[in-house]
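Notes for the one structure printed next.
Along the sequence shown, residues are numbered consecutively beginning with 1.
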Amino acid sequence: MTESSIDPARLMLDITSASRTPVAEPLLIHLAVEGWDMTRLDEFSEAAIPEAGPYRASYAGKRCNRQLAYAMAGTERDGPHSIATLWRFALGTLVHELIANGIRKKFPNYDPADVDSVMDLREIGLPGSGRGDYFFRFEHEGEEIVIANEWKTTSPFKFKKAMGANNKSSKPTGPDFGAMVQGALGAVWSKAKQLRIGYIGLEVISPGQAKKLGLKTEIDRFAGEWVYPMHIVEQLVENERVRVEETLAHDAPGDVPRVLDDPEYLKGTLVMNPSTGRTNTIDDDGTVIDTGTTWMCDYCDFRETCITDGAGCGCLCTVRMSRRTRLRMGSVICLGLMLLRRSSGVRSLLMKAG
């Protein structure tokens, strides 16, 4: 065939028609991925201080109380982590290693003990331990100042949502509530003056969106940071301390109602069907005032166990107890979270609390 006989338009049509749909049985890419050794990334590795207790700082991200109970009890997972889950862990580990290298370069006099620091959470009233990403220390007028930092890698959707880049009308929602609580634990433990939470997105914001958002640097396109004052941080830790205490008070993890302790959901929201994530929101009189779904069940390591164990005991009683717990947080944290996150979930929470 001579060059002149090739129809470029037809050739491109053939190429695009053939390449739009991935093959049903991938070969080489699957073989390559299956050869990865990511066993070291298992998040259920030994606790930072095993004798400190069953709670871990990372459990702050488990905002379903039943899920928290299973984790603290050491309940066996439904199965081994999938390769997709381990890949997510691998990306997070890689980014944390890059950040640690960046700290060594930018702050050559840093104390290695301030990176991935082991924390004994018994010192702040929680039976457990954890690791803090980075505690930045400096002297000011003869006083040592500590700034606690919590860093999270996050999906493209979640990062853009946090930054307000999902669509033209979206407003920044800020970090997840679980990330805020986890960071707060480190801030209170280290007696910090301030908490900063950093998000590293696994996809960059487009140049056009970056311009509309007023982002000033290329780094802003994939990295964001939020600042939280200590009066809010301390209330977050107190709320988590009481949540853990109440969860441990049950005889068995399966007795703990599936209450969602997150301002993304209305107070009194329980998971009714873990297989679908269906939720009901129940008021003080036991009346269902709202229904919906949650994504949390799709990511839960104990889903099948939770289904088998059933709804748990005293659902309505526990919802009321959880409400009293949130009241202990006070109006300060509710107002602060509204200003910091500006999310519809928090606004709904405040309306109900009022």
Nearest-0.5 Å distance, [atom1] of residue [X] to [atom2] of residue [Y]:
{"X": "Arg196", "Y": "Glu150", "atom1": "CZ", "atom2": "CD", "value": "14.5 Å"}
{"X": "Phe138", "Y": "Ile145", "atom1": "CZ", "atom2": "CD1", "value": "5.5 Å"}
{"X": "Arg63", "Y": "Asp261", "atom1": "CZ", "atom2": "CG", "value": "5.0 Å"}
{"X": "Thr154", "Y": "Met163", "atom1": "OG1", "atom2": "CE", "value": "11.5 Å"}
{"X": "Leu195", "Y": "Leu236", "atom1": "CG", "atom2": "CG", "value": "8.5 Å"}
{"X": "Glu97", "Y": "Asp116", "atom1": "CD", "atom2": "CG", "value": "10.5 Å"}

Could you see if [X] belongs to whatever hydrophobic cluster contains [Y]? Use Ile, Leu, Val, Met, Phe, Trp, Tyr and a side-chain cutoff under 4.5 Å.
{"X": "Val95", "Y": "Trp87", "answer": "no"}
{"X": "Val237", "Y": "Met230", "answer": "yes"}
{"X": "Leu91", "Y": "Val204", "answer": "no"}
{"X": "Phe177", "Y": "Leu126", "answer": "yes"}
{"X": "Val259", "Y": "Met272", "answer": "yes"}

If we ignore angles and hydrogens, is there a donor and acceptor under 3.5 Å between the side chains of [X] and [Y]?
{"X": "Arg243", "Y": "Asn65", "value": "yes"}
{"X": "Tyr70", "Y": "Asp309", "value": "yes"}
{"X": "Thr279", "Y": "Thr294", "value": "no"}
{"X": "Thr217", "Y": "Asp220", "value": "yes"}
{"X": "Thr305", "Y": "Asp78", "value": "yes"}
{"X": "Tyr55", "Y": "Glu240", "value": "yes"}

Search all heavy atoms of [X] against all heavy atoms of [Y] and return the closest pair with its distance.
{"X": "Ala57", "Y": "Met119", "answer": "CB-CE, 4.2 Å"}
{"X": "Ser129", "Y": "Ala47", "answer": "OG-CB, 4.1 Å"}
{"X": "Val146", "Y": "Lys191", "answer": "CB-O, 4.4 Å"}
{"X": "Ala187", "Y": "Ala148", "answer": "CA-CB, 3.6 Å"}
{"X": "Ala60", "Y": "Val181", "answer": "CB-CG1, 3.7 Å"}
{"X": "Ala73", "Y": "Pro253", "answer": "CB-CG, 3.5 Å"}

Okay, side chain of [X], backbone of [Y]: is any donor-acceptor separation there less than 3.5 Å?
{"X": "Thr93", "Y": "Phe89", "value": "yes"}
{"X": "Thr269", "Y": "Tyr265", "value": "no"}
{"X": "Ser190", "Y": "Gly186", "value": "yes"}
{"X": "Asp176", "Y": "Gly178", "value": "no"}
{"X": "Arg258", "Y": "Gly310", "value": "yes"}
{"X": "Ser117", "Y": "Ala113", "value": "yes"}
{"X": "Asn273", "Y": "Ser275", "value": "yes"}
{"X": "Thr281", "Y": "Thr291", "value": "no"}
{"X": "Arg66", "Y": "Val256", "value": "yes"}

Would a 4.5 Å heavy-atom cut-off, applied to side chains only, mark [X] and [Y] as touching?
{"X": "Leu248", "Y": "Pro127", "result": "yes"}
{"X": "Trp151", "Y": "Ile200", "result": "no"}
{"X": "Val115", "Y": "Pro112", "result": "no"}
{"X": "Ile282", "Y": "Ile289", "result": "no"}
{"X": "His250", "Y": "Pro257", "result": "yes"}
{"X": "Lys152", "Y": "Gln182", "result": "yes"}
{"X": "Lys267", "Y": "Asp283", "result": "no"}

| request: Let me see the working for Asn280 and Arg278 under side-chain contact (heavy atoms from CB on, under 4.5 Å), right down to the final yes or no. | output: CA-CA 7 Å; Asn280 282 355; Arg278 183 175 64 84; 3.5 Å; yes
Besides Ile49, the hydrophobic cluster formed by Ile, Leu, Val, Met, Phe, Trp and Tyr side chains linked at under 4.5 Å, directly or via other members, contains Val118
| task | Report the C-alpha distance between Trp189 and Phe135 in whole Å, list the side-chain angles of each, state the deciding distance to 0.1 Å, and finish with yes or no for side-chain contact (heavy atoms from CB on, under 4.5 Å). | result | CA-CA 11 Å; Trp189 175 83; Phe135 299 108; 3.8 Å; yes
- Determine, stepwise, if the pair Ile99 / Tyr134 fulfils side-chain contact (heavy atoms from CB on, under 4.5 Å). CA-CA 10 Å; Ile99 290 176; Tyr134 181 47; over 6 Å; no
- Sidechain N-carboxylate O distance under 4.0 Å for Asp298, Arg303: yes
Quiz prompt | salt_bridge(Glu143, Lys193) N-O dist < 4.0 Å | solution =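 Looking at Glu143 and Lys193, the cut-off is met.
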TODO: Could you walk me through whether Glu203 and Lys160 pass salt bridge (Lys or Arg N to Asp or Glu O under 4.0 Å), step by step?
DONE: CA-CA 9 Å; Glu203 181 181 298; Lys160 291 179 179 181; 3.0 Å; yes
Around atom [atom1] of [X], are there more than 12 heavy atoms of other residues, nucleotides or ligands at under 6.0 Å?
{"X": "Glu123", "atom1": "CD", "result": "yes"}
{"X": "Ile307", "atom1": "CD1", "result": "yes"}
{"X": "Leu98", "atom1": "CG", "result": "yes"}

Inset, instruction - Could you list the residues that satisfy side chain to side chain contact (heavy atoms under 4.5 Å, CB included) with Glu139, not counting sequence neighbours? - result: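 Here the qualifying residues are Glu144.
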Please confirm whether the ring centroid of Tyr199 lies under 6.0 Å from the ring centroid of Trp226.
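That pair passes the under 6.0 Å test.
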>> Before we go on, tell me: are the rings of Phe107 and Phe136 under 6.0 Å apart, centre to centre?
In response: yes
inquiry  = Checking Leu94 against Thr153 for the side-chain contact (heavy atoms from CB on, under 4.5 Å) test, could you report, in this order, the C-alpha distance in whole Å, the side-chain angles of both residues, the deciding distance, and whether it holds?
reply    = CA-CA 10 Å; Leu94 172 61; Thr153 52; over 6 Å; no
**Stepwise salt bridge (Lys or Arg N to Asp or Glu O under 4.0 Å) test for Arg137 and Asp111** = CA-CA 9 Å; Arg137 302 176 189 273; Asp111 185 347; over 6 Å; no
